[in-house]
Amino acid sequence: MQIRAFNPHTDVPALLSLLRLNTPEFFAPEEEEDFINYLKYEATRYFVVEADDQLVGCGGYNNPDGPTIFRLSWDIVHPAWQGQGIGRRLSEYRIQQIRETEGGTVILVRTSQHVYRFYERLGFVLQAVVKDYWAAGYDLYQMEYTGPSGS
């Protein structure tokens, strides 16, 4: 498994395929346009995971809330590769980048009820819930990183 920087010239079709494979289980269909816009205009710190010569995961981070406050963004893992540590490894990689390279002091994630338990296991703590935020039936779960949970 290799983590590398996102290439906007070659990776977009595979990333859209990953999103579609995870819709509607984890993403609302109407989120695809948001993802496309993110990849076009905001994906300056976005990464992909390759395994067995295929793109199997992706995720990034940004800091729209200030110079030391960062958000993990658009985490997606191919359904056939879920549960194999890819999401954990990619999240830990980005947390390390934020802490060591960016000087981040606060790390947030905005996710849904469908995957917030994954982030809890990584050491994120639930801060707020907003019903139907992403789309009908897709609630916002705002979480903050407090450190490894040990699980």
Backbone of [Y] reached by a side-chain donor or acceptor of [X] within 3.5 Å:
X   : Y   : answer
Q84 : A80 : yes
N62 : P64 : no
Q96 : Y93 : no

**Request:** Answer with yes or no whether the hydrophobic clustering places I98 together with L108; edges join I, L, V, M, F, W, Y residues whose side-chain heavy atoms lie under 4.5 Å apart.
**Result:**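 No: no chain of side-chain contacts under 4.5 Å links I98 to L108.
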**Prompt:** Under a 4.5 Å side-chain heavy-atom rule over Ile, Leu, Val, Met, Phe, Trp and Tyr, are L126 and L72 clustered together?
**Reply:**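 Hydrophobic grouping puts L126 with L72.
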Would you say [X] and [Y] make side-chain contact, with heavy atoms under 4.5 Å?
X    : Y    : value
R71  : D65  : yes
M143 : V125 : no
Y145 : I95  : yes
D139 : D132 : yes
E144 : V106 : yes
W81  : D52  : yes
L55  : V49  : no
L16  : F35  : yes

**Asked** Apart from W134 itself, what residues make up its hydrophobic cluster, given side-chain heavy atom links below 4.5 Å?
**Response** V130, Y133, Y138, L140
**Message:** Could you walk me through whether R94 and S91 satisfy the side chain to side chain donor-acceptor pair (under 3.5 Å) test, starting with their C-alpha distance in whole Å, then the side-chain angles of each, then the deciding distance to 0.1 Å, before giving a yes or no?
**Reply:** CA-CA 5 Å; R94 290 176 296 154; S91 295; 3.3 Å; yes
**Message:** Just checking F6 against F47, ring centres under 6.0 Å apart?
**Reply:**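 So the answer is no for these two rings.
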**Message:** Quick check: W74 with Y46 (ring centres under 6.0 Å apart)?
**Reply:**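 They do not qualify: ring centres at least 6.0 Å apart.
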For [X] against [Y], the heavy-atom pair lying closest together:
X    : Y    : result
S73  : Y38  : OG-OH, 2.6 Å
G59  : L90  : N-CD2, 3.5 Å
V48  : A5   : CG2-O, 4.4 Å
H114 : G137 : NE2-O, 3.6 Å
I107 : F124 : O-CE2, 3.7 Å
Q142 : R110 : OE1-CG, 3.1 Å

Spatial distance of atom [atom1] ([X]) from atom [atom2] ([Y]) [nearest 0.5 Å]:
X    : Y   : atom1 : atom2 : result
S17  : Q54 : OG    : CD    : 9.5 Å
E32  : N37 : CD    : CG    : 11.0 Å
L122 : R88 : CG    : CZ    : 5.0 Å
I69  : N63 : CD1   : CG    : 9.0 Å
I76  : F26 : CD1   : CZ    : 11.0 Å

**Request:** Carefully, step by step, assess Y119 and D75 under the rule side chain to side chain donor-acceptor pair (under 3.5 Å).
**Result:** CA-CA 11 Å; Y119 293 103; D75 299 353; 2.3 Å; yes
**Item:** Working for side chain to side chain contact (heavy atoms under 4.5 Å, CB included), residues V56 and V77
**Value:** CA-CA 6 Å; V56 298; V77 175; 5.7 Å; no
**Message:** Walk me through whether R89 and M1 qualify under side chain to side chain contact (heavy atoms under 4.5 Å, CB included).
**Reply:** CA-CA 10 Å; R89 193 147 162 216; M1 179 171 68; 2.9 Å; yes
**Complete:** Applying side-chain contact (heavy atoms from CB on, under 4.5 Å) to P79 and not counting sequence neighbours gives L21, N22, Q82
**Request:** List in chain and number order the residues that pass side-chain contact (heavy atoms from CB on, under 4.5 Å) with Q2, two or more places apart in sequence or in another chain; answer none if no residue qualifies.
**Result:**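 Q2 satisfies side-chain contact (heavy atoms from CB on, under 4.5 Å) with R4, E50 once adjacent residues are dropped.
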**Message:** Test side chain to side chain donor-acceptor pair (under 3.5 Å) on Y141 and S112; report intermediate values, then the result.
**Reply:** CA-CA 5 Å; Y141 276 56; S112 73; over 6 Å; no
**Request:** Inspect the contact between R117 and E120 and indicate whether a charged nitrogen and a carboxylate oxygen are less than 4.0 angstrom apart.
**Result:** yes
